[in-house]
Amino acid sequence: MKSEPDDVSIDDALAAPGQTVAWIGVRNYQARNFMRDAMRMGDGLLFYHSSCAEPGIAGLAEVASAPYPDDTQFDPASKYFDPKATRENPRWMLVDVRATKKTRLLTLPELRANPALADMQVLRRGNRLSITPVTPDEWRCIIGQLG
DNA sequence: GCCAACGTTGGC
DNA sequence: GCCAACGTTGGC
């Protein structure tokens, strides 16, 4: 899961109550569907810093809730407000994310240099999704690099 | 700031 | 349903 560290960094997440943050602001259907349909409590997450000087994997986290509506979609004062969403028919769902560990920064160039990660979805050319699945092999490889 | 890539919007 | 225009993402 990508986060801009100027917005929410791994340190911010670890400093939050219960080391947990609601993953607000996702406004892409595919990314929403991963949270709404594919994630389960306790699933492992890679916490990726994007749109920053040194993009890369900065920590580990886990899914900490079932999916529920993103409240910011209903708030006209929020930059994530969606006028087409209603309480009765919410459009945007999220999960809570519990940060478990800050790791060394596994940088984007390092990820790209690893043949075992060549097909990783987040690294694919043109990928703009802020949430992408990780295969078990990719997960093991990355945990190994961080260990 | 640039720009490739691609998702969304809206007219038809 | 098509598709051009536009907006956003995100690395560089």
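Computed from a prediction, not measured in an experiment: that's the story for all the values here.
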Qualifying ring pair (Phe, Tyr, Trp, His ring centres under 6.0 Å) pairs, either residue in residues 32-73 of chain A, two or more places apart: A/W23-A/F47, A/F47-A/H49
Please list all pairs meeting ring pair (Phe, Tyr, Trp, His ring centres under 6.0 Å) that have one or both residues in residues 84-134 of chain A, counting only residues at least two apart or in different chains. A/Y29-A/W92
Sequence neighbours left out, what passes side-chain contact (heavy atoms from CB on, under 4.5 Å) with A/E62? Give chain and number order. A/R98, A/T100
With DNA chain B as reference, determine whether A/G126 or A/R91 sits nearer its 5' end, using the nearest nucleotide of each. A/G126
Contact interval (first through last nucleotide) of DNA chain C with protein chain A, 4.0 Å heavy-atom: C/dG7 to C/dC12
Partners passing ring pair (Phe, Tyr, Trp, His ring centres under 6.0 Å) against A/F81 (at least two apart in sequence or in another chain): none
Could you work out, with side-chain contact (heavy atoms from CB on, under 4.5 Å) as the rule, every residue matching A/A116, not counting sequence neighbours? A/N114, A/C141
